[in-house]
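A short worksheet on the structure shown next.
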Amino acid sequence: MTTRISPTAGGAVSEKRVIGNVLRGSIGNLIEWYDWYAYAAFTTYFAKSFFPTTDTTAAFLGTAAVFAVGFLMRPLGGWMLGRFADRFGRRSALVLSVTFMAGGSLLIAVTPSYHTIGIAAPILLLIARLIQGLSVGGEYSTSATYLSEVATPGKRGFYSSFQYVTLYGGQLLALGLQLILQAILTEQQLTSWGWRIAFVVGTLAALTVMWLRRGMDESESYVREAGENKGSRGTLRELAKYPKEIALVVGLTLGGTVGFYTFATYSQKFLENTAHIPRRQVTIVLFCAILVAAILQPLAGKLSDRIGRRPLLLFFGIGGTLLTVPLMTVMGSTRNPVGAFFLVLAGLVIVAGYTSINAIVKAELFPTKIRALGVGLPYALTVAIFGGTAELIAQALKSAGHETVFFWYVAGCVLVSLIVYGTMRETSRTSELEER
C-alpha cells in the first residue's frame, strides 16, 4: 500500500485535500458508530431473544450488562490499535478497526435466539460485543489523532468536531432505520427477526468502508516522524513519560462520558420504561434531539478555535453539575413527547461542551510519536469503567427502587471533571500540532 501524505498547508488545493480526508475518515467513523449504537437502539426488540424473561427491566438489565462488558474491550482496543497506529500509521489502523466491527456485527446478525441454542445465544452475543468493543476502542483514538493531524492550523476544533458529528450520525442512522422498520414491520416481526436487519446493514456498510479507507492519505505529521524513535513509538514505556497528560485525559473524560451515555443512549430506555412514553414516540424524540445535537458539534468546535477549549469544557462542567438532576427528574415524570424532546435536547446541548472538542483537546496533549496511544488507552479505560457502566448502574438502581440516586451519580461525575477543567491549561495554543 503506497503511503500518501496529506498536505495541510499551501492554499485552496490543500484545503480541499484536507476536507476530502476528513470526509473519508469521518464516513468510516459514522459506520463504526452505527454498528455500535444499533445494539443500543434495537435492545428493546432483541433483549428477550437472548435473555428470556417476563420482566422487561430484567431483560434490559441483561442486555445492559453485555453492553457494559463490551466496553471492557475498549482499553485493549485503545492499546492495541493505538500502538499499531503510532508504529504503522493512522490509515492502516483505521482499516483494521472497521474490519473488526464488520465481524462483530455479522456475528450478532446470524446468532440464533436463546430458544434455539440455549445459553450459547447470550455467549455469542457477548463475544460479538467484545469484538465490537475492541474495534471502537481503537477507532476513537486513531480517528481523533487522524482528524487532528490532517486539519489545517486554526481549524482543528472545527474539523475534529466531525468525530462526534459522525458518532451522532451513526446513532441517527440506527434510529432512522428503526423508524423505517417500525413503519413497515409489525411489533411481532421486529421482535422475532426484524431487528437482525440492522446488523446485516451494518456488516455490509463496514465492509464498504474498509475498502474506502484503503485509499485515504496518511497524515503529514505521522509520515514526517515515521522514521524517528521507531523502537519507542506507541509503547507503554514511552506513554509512562506523560503521567500528567494521562491523568488529564481521565479527568476530562469521566464526567463527559457518563453525561453523554446518559442523555444519548440511556434516555431511550428511561423515557420508555420510566416515563412510559410509547416506544415509537421515544424513537422519534431521540432521533430529533440527536439530529440537533449533531448540527451543534461543528458550531461548537469552530467556536473553540476562536475562544479556546476551556470555556466550552467549563460550560459543560457547570451545566452538567447543576442541571442533570432537575432535567432527569422532570424527564421521568413527563408524558408529553414534545416536552421529552426539549429535555433530552437540553441535556445534549450541555454535553456538547464536551463532545464537540474532547477529541482535539486530548490530541493536543501528546506528541506525534505517542499521540494515538496517549489519547486512546486512558480514554478507553475511563469510558469502560464509567461510560460503559452508566446504563447498567441506572437499570440496577431502578430495579432496586432507587432510580433517582443515578441522577446524583451523573452530576457527581461531571463535578469531578469540572474541577479538572477549572485547573487545566488551555491546549489550543500550546500543542505540538501548532508548531507545524
Side-chain angles (χ1 to χ4, degrees), residues 1-4 21-40 66-67 69-111 124-147 149-150 162-163 166-167 169-171 173-174 196-219 222 234 359 372-373 375-377 379-380 383-384:
M1 191 184 298
T2 303
T3 299
R4 291 176 296 173
N21 282 317
V22 168
L23 290 176
R24 294 168 80 181
S26 296
I27 194 171
N29 201 44
L30 175 77
I31 300 304
E32 284 257 11
W33 288 105
Y34 162 81
D35 283 324
W36 182 254
Y37 283 115
Y39 182 97
V66 173
F67 189 74
V69 171
F71 276 79
L72 297 179
M73 288 296 284
R74 291 180 66 164
L76 180 59
W79 168 74
M80 187 179 80
L81 291 175
R83 175 182 171 84
F84 187 88
D86 284 330
R87 294 179 69 86
F88 302 106
R90 319 312 191 195
R91 180 182 57 177
S92 297
L94 287 170
V95 171
L96 186 58
S97 71
V98 79
T99 304
F100 284 140
M101 183 59 76
S105 293
L106 178 61
L107 183 55
I108 295 176
V110 301
T111 297
L124 288 172
L125 178 68
L126 175 61
I127 292 172
R129 287 302 286 179
L130 292 177
I131 294 171
Q132 290 188 324
L134 186 75
S135 169
V136 170
E139 172 71 21
Y140 175 87
S141 60
T142 310
S143 63
T145 299
Y146 183 77
L147 291 177
E149 289 178 349
V150 301
F162 281 89
Q163 185 181 45
T166 52
L167 190 154
Q171 192 172 3
L173 286 180
R196 295 182 187 274
I197 296 173
F199 297 98
V200 173
V201 169
T203 301
L204 296 175
L207 291 173
T208 302
V209 168
M210 180 179 66
W211 177 77
L212 288 173
R213 278 185 163 178
R214 291 172 61 85
M216 290 167 56
D217 291 326
E218 185 55 85
S219 81
Y222 174 79
L373 183 61
V375 171
L377 183 56
Y379 167 83
V383 172

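No hydrogens, no waters, no symmetry mates; every other heavy atom, side chains included, goes into these values. Counting from 1, the numbers follow the sequence of the chain as shown.
Considering every non-hydrogen atom in both S92 and F84, the closest pair reads CB-CE2, 3.6 Å. Across all non-hydrogen atoms, the minimal contact from M210 to V95 is CG-CG1, 4.0 Å. The heavy-atom pair separating T111 from R196 by the smallest distance is O-NH1, 2.6 Å. Contact record, T142 with A93: CG2-CB, 3.8 Å, taken as the closest heavy-atom pair. Annotation for S143 and L94: closest pair N-CD2, 3.8 Å, computed over non-hydrogen atoms. Across all their heavy atoms, A372 and G82 have their closest contact at CB-O, 3.6 Å.
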* Check against side-chain contact (heavy atoms from CB on, under 4.5 Å), M73 and F100 -> CA-CA 12 Å; M73 288 296 284; F100 284 140; over 6 Å; no

* Evaluate the side-chain contact (heavy atoms from CB on, under 4.5 Å) criterion for residues V201 and Y34: first the C-alpha distance (whole Å), next the side-chain angles of each, then the deciding distance (0.1 Å), finally the verdict. => CA-CA 10 Å; V201 169; Y34 162 81; 3.8 Å; yes

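Remark: R74 CZ to L134 CG distance equals 11.5 Å, nearest 0.5 Å. A distance of 12.0 Å separates CD1 in I131 from OG1 in T99, rounded to the nearest 0.5 Å. Between the CD1 atom of I127 and the CD1 atom of I108 there is a distance of 11.5 Å, given to the nearest 0.5 Å. One finds the CD atom of Q132 at 7.0 Å from the CZ atom of F199 (value rounded to the nearest 0.5 Å). Note that CD of E139 is 7.5 Å distant from CD of Q163, once rounded to the nearest 0.5 Å. The line from CG of L130 to CG of L125 is 9.5 Å long, rounded to the nearest 0.5 Å.
A side-chain donor-acceptor contact under 3.5 Å links R90 to the backbone of A85. At least one donor-acceptor pair closer than 3.5 Å links the side chain of S135 to the backbone N or O of S97. Panel note: side chain R91, backbone Y146; no donor-acceptor pair is recorded below 3.5 Å.
With S105 as the fixed residue, the side chain to side chain contact (heavy atoms under 4.5 Å, CB included) test singles out one of L204, D35, I31: D35.
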